[in-house]
Novice: 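Here it is, the structure, as structure tokens.
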Amino acid sequence: MSLAAEAFVSQIAAAEPWPENATLYQPLKEDQILLSDSASSLAVQTFLRMCGLPVLVSCRANAEYMSPSGKVPFIQVGNQVVSELGPIVQFTKAKGHSLSDGLDDVQRAEMKAYMELVNNMLLTAELYIQWCDDYTATEISRPRYSSPYSWPLNHILAYQKQWEVRRKMNVIGWSGKSLEQVYEDVSQCCQALSQRLGTQPYFFNKQPTELDALVFGHLFTILTTQLTNDELAEKVKSYTNLLSFCHRIEHTYFKDRGRINAA
Amino acid sequence: MCPILCHKLLLYFRAVSALGGGGGSIKYVCEKIFRCNPHCNRKHFHNCNLTTHFFSIKSKVSVSCFHLCFLTNICWVQVLSWRTGMLLDSCVCVCVCVCVCVCVCVCVCVCVCVCVCVCVCVSMVHTNMAEPMELLCWGGDWDLPSVHTDSLIVLAYVKFSGAKLAVKSIDWTWRTITASVPQLHYEGSTVTEPTQILNFLRKQRFNADYELTAKQGADTMAYIALLEEKLRPALMHTFWVDAENYANLTRPWFTSHSPFPLNFFVPGRQASLALSRILLTKAESPLLNITEVEGKIYSEAKECLNLLSHRLGNFHFFFGDTPTSLDAFVFGHIAPLIKAPLPSGQLQKHLNQLDNLCQFCNTILKNYFTDAPAEKRMDCSPTATHDPVDANLQKLTQLVNKESNLIEKMDDNLRSSPQHRPHRHETKPSALASERISTPP
């Protein structure tokens with residue numbers, strides 16, 4: 001949205017406290033949701049738990065179309081709808097809850113840089129593997145994406161989504177990459193995250209931030225999702241401090257709900 | 001002629017002619033040989049006669065085959081010389097002439113084999129001699145070595161790491177539309193994309209990130225991702241999509257630097273690529289209009305510039321006192337924005353308010369891209385603990401420099417051939433000369 005609209009929304013957001021019935025919408029967990037959407041959704045859920053804000057998770061088949069930006073997940077808070085982690089972080093900040101207040105300017109710059117790294121590398125790699133790798137697209141992505149719909153709509157929607165993602169990959173220069181190169185990129189990204197994390201409990205020492213939520217969302221989903229082969233999960237598993245990081249966050253923030261069922 | 005040699009030649013011709021063609025010439029040659037040598041065995045002559053008689057039926061075909069193969073050889077030599085970048089120099093010409101003479105007397109297949117072998121040998125010799133790397137990039141203007149962001153990134157890294165390579169501008173050539181710039185050529189392989197080129201240079205021991213810790217290396221990756229996601233869309237919009245800038249600055253510049261008739265296509269193509277990239281990556285589905293996306297991308301770009309400025313602080317470079325690949329990336333992105341005379345540049349105005357980034361850009365330009373043999377190192381107190389590492393690195397750098405001096409001499413010899421336009425990058429020899437003096441600590 002434009003800057004003026006954003007400022008307006010922030011104003012309205014600041015007026016009311018966080019309600020009890022805030023809802024997060026995502027595609028159907030068992031049948032429909034894909035790796036990238038599941039990762040984003042888990043990141044948002046983790047962030048809200050880290051802030052201590054209650055949210056109900058509701059699965060809808062048409063969540064993507066309900067979303068104001070076309071991307072899942074999105075949250076409905078009162079009479080406002082916000083989608084994607086970036087705007088949700090700003091929205092919660094307007095309501096007075098923030099995880100990154102204690103950071104100075106340099107650290108905030110680093111945090112944003114690392115969030116962009118995760119979006120640029122991990123998320124793009126997930127999209128590539130889902131939609132540009134023919135075998136995965138045929139076996140997993142297209143059937144799952146179109147499972148709530150009947151013929152012929154399921155074919156049309158699935159191919160339309162695939163075409164859209166492939167166009168985007170083309171434009172950012174990823175269409176020329178092979179699957180091995182993508183795995184290599186994921187490995188490098190994980191190496192960078194691992195080196196940044198070091199032996200600390202969180203990325204910015206004692207307190208978790210939205211970066212921790214984002215990294216956890218992606219890594220946990222990669223580790224627990226069954227794809228056509230295990231290579232992606234193996235790449236992540238080779239970094240032990242990232243594994244322990246995931247366990248720690250799962251144990252701290254999700255123990256009351258039992259183990260998270262990732263798709 | 002010795003009868004044994006004669007006999008051997010006959011067997012050879014027979015074997016070779018079995019491959020086809022050239023029957024007429026073989027018969028002639030055989031007759032010539034045997035008239036000179038009456039002591040030759042009649043039996044051998046008889047055998048040869050039968051063979052040549054058999055193949056003389058195809059003599060008409062053989063003549064046309066000969067012509068075809070001759071032309072093919074010429075084309076092959078031409079193609080090979082074009083591919084390897086050399087022109088038909090004298091030794092290749094001589095070889096071709098020799099092959100032609102041989103063709104007249106011997107079977108066509110032999111001449112093909114000989115030509116192929118000669119050309120391959122010659123090209124291999126030349127390739128082994130043509131060691132230096134070659135970089136293709138857009139030309140420079142507005143006090144910059146190049147106006148193209150990706151080319152600037154690679155050029156800056158080359159200067160920081162002390163790599164020796166020949167920089168070739170693609171202005172006014174057909175490569176403006178065929179090549180994806182920047183492009184590095186080395187020993188027949190081609191590398192594109194700045195990140196790939198930087199990885200390649202690191203593998204060739206030209207590493208400007210030698211002294212970074214693991215965490216700093218991770219930070220480098222993160223900041224590069226930040227630049228790509230937040231700053232690049234706004235840069236592309238400023239130069240290629242904003243109507244005033246495009247019409248008054250970008251399009252005239254690229255039009256004047258492309259050959260006819262490409263000057264009609266090159267700017268338009270780049271502009272449409274830029275627009276589609278912005279729309280596909282930044283515009284969410286309801287916001288398919290570019291004007292609504294503008295506000296978002298410019299605010300993100302300004303935030304990104306602020307973050308970079310915070311990170312740089314009062315230092316000369318992002319990681320201490322020596323420039324690294326992150327400095328190259330940041331320089332490549334912000335230098336065109338600072339230096340280009342944009343008619344409408346809100347982002348430029350914002351950037352001009354960030355003094356440390358402007359200072360950073362000017363420092364790099366002054367120290368690495370001018371001819372002045374001034375002191376390269378910023379004033380830094382050399383720490384005593386780095387001395388052993390310094391000494392080893394100095395020795396290594398000196399060895400590398402010696403090697404590359406030799407290569408440069410060979411390169412000079414090769415490039416003094418008249419066909420090559422003497423298009424060396426002006427700042428290269430002296431800047432590199434002064435670069436040799438200062439070694440990274």
Side-chain angles (χ1 to χ4, degrees), chain A residues 1-7 64-65 67-71 83-84 86-87 103-124 164-174 176-177 181 184-185 188-198 200 203 211, chain B residues 150 180 192-196 199 212-233 273-289 291-296 298-300 302-313 318 326:
Chain A
M1 26 180 167
S2 70
L3 288 171
E6 251 183 56
E64 205 178 358
Y65 302 106
S67 159
S69 69
K71 299 216 169 76
S83 67
E84 286 188 86
L103 301 178
D104 63 15
D105 287 331
V106 173
Q107 285 179 317
R108 189 163 294 127
E110 267 189 43
M111 182 185 77
K112 293 224 190 270
Y114 275 97
M115 285 177 74
E116 284 312 316
L117 178 68
V118 171
N119 278 333
N120 205 3
M121 289 263 195
L122 278 185
L123 184 62
T124 318
E164 215 180 281
V165 172
R166 285 196 179 179
R167 247 179 93 196
K168 185 176 166 191
M169 293 292 145
N170 212 7
V171 141
I172 59 175
W174 275 59
K177 291 197 184 186
Q181 280 175 315
E184 187 54 43
D185 284 342
Q188 276 185 6
C189 178
C190 290
Q191 189 183 28
L193 290 171
S194 172
Q195 281 163 353
R196 179 65 182 85
L197 183 62
Q200 298 169 327
F203 277 94
L211 174 62
Chain B
D150 288 340
S180 77
T192 55
E193 299 282 316
T195 20
Q196 306 292 337
N199 283 341
L212 294 181
T213 62
K215 182 179 173 302
Q216 285 173 331
D219 282 349
T220 304
M221 276 184 72
Y223 277 105
I224 291 173
L226 183 72
L227 282 172
E228 289 289 327
E229 281 283 319
K230 300 278 187 191
L231 190 55
R232 191 179 280 258
L273 278 174
L275 182 63
S276 65
R277 178 165 170 165
I278 294 173
L279 283 177
L280 278 175
T281 52
K282 289 291 164 186
E284 295 142 354
S285 42
L287 298 175
L288 285 177
N289 195 349
T291 49
E292 283 152 348
V293 187
E294 273 174 20
K296 180 177 160 198
Y298 276 110
S299 68
E300 279 183 354
K302 285 175 190 164
E303 194 193 331
C304 176
L305 288 173
N306 292 342
L307 291 174
L308 285 173
S309 179
H310 286 311
R311 177 66 181 80
L312 182 62
F318 277 90
L326 178 60

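Residue numbering restarts at 1 for every chain, and letters A, B, ... go by the order of the sequence lines.
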Novice: For the interface with chain A, which of B:A214, B:A225, B:A222 has the highest count of heavy-atom pairs at distances below 4.5 Å?
Specialist: B:A222
Novice: Report which part of B:E193 has an atom under 4.5 Å of a heavy atom belonging to chain A: side chain, backbone, both, or neither.
Specialist: neither
Novice: Atom CG of A:D105 and atom CZ of B:R311: how far apart are they, to the nearest 0.5 Å?
Specialist: 12.5 Å
Novice: Whether the side chain of B:Y223 engages the backbone of A:Y114 through a donor-acceptor N/O pair (distance < 3.5 Å, no angle test) should be reported.
Specialist: no
Novice: Answer yes or no: is there a side-chain heavy-atom contact under 4.5 Å between B:K230 and A:K112?
Specialist: no
Novice: Calculate, to the nearest 0.5 Å, the distance between atoms CG and CD belonging to B:N199 and A:Q188 respectively.
Specialist: 6.5 Å
Novice: Using non-hydrogen atoms and a 4.5 Å limit, figure out which bit of A:E164 sits close to chain B: side chain, backbone, both or neither.
Specialist: neither
Novice: Look at B:E303, B:E229, B:E228, B:E294 and state which one has the largest set of heavy-atom pairs under 4.5 Å with chain A.
Specialist: B:E229
Novice: If you take all heavy atoms of B:L307 and A:R108, which pair is closest and at what distance?
Specialist: CD2-C, 4.4 Å
Novice: What is the minimum heavy-atom distance between A:A192 and B:A218, and which atoms define it?
Specialist: O-CB, 3.2 Å
Novice: So which atom in B:L280 and which in A:K168 form the shortest heavy-atom distance, rounded to 0.1 Å?
Specialist: O-CD, 4.1 Å
Novice: Of the backbone (N, CA, C, O) and the side chain (C-beta and beyond), which part of A:M115 lies under 4.5 Å from a heavy atom of chain B, both, or neither?
Specialist: neither
Novice: Compare every heavy atom of B:S276 with every heavy atom of A:V171, then report the nearest pair and how far apart it is.
Specialist: CG2-OG, 4.0 Å
Novice: Compare all side-chain heavy atoms of A:Q191 with those of B:M221 and state whether any distance is below 4.5 angstrom.
Specialist: no
Novice: Just verifying a value: how many Å separate B:T281 OG1 and A:R167 CZ, rounded to the nearest 0.5 Å?
Specialist: 11.5 Å
Novice: Give, for atom CD of A:E110 and atom CG of B:L226, the distance between the pair rounded to the nearest 0.5 Å.
Specialist: 11.0 Å
Novice: Between CD of A:Q195 and CD of B:Q216, what distance do you get to the nearest 0.5 Å?
Specialist: 11.0 Å
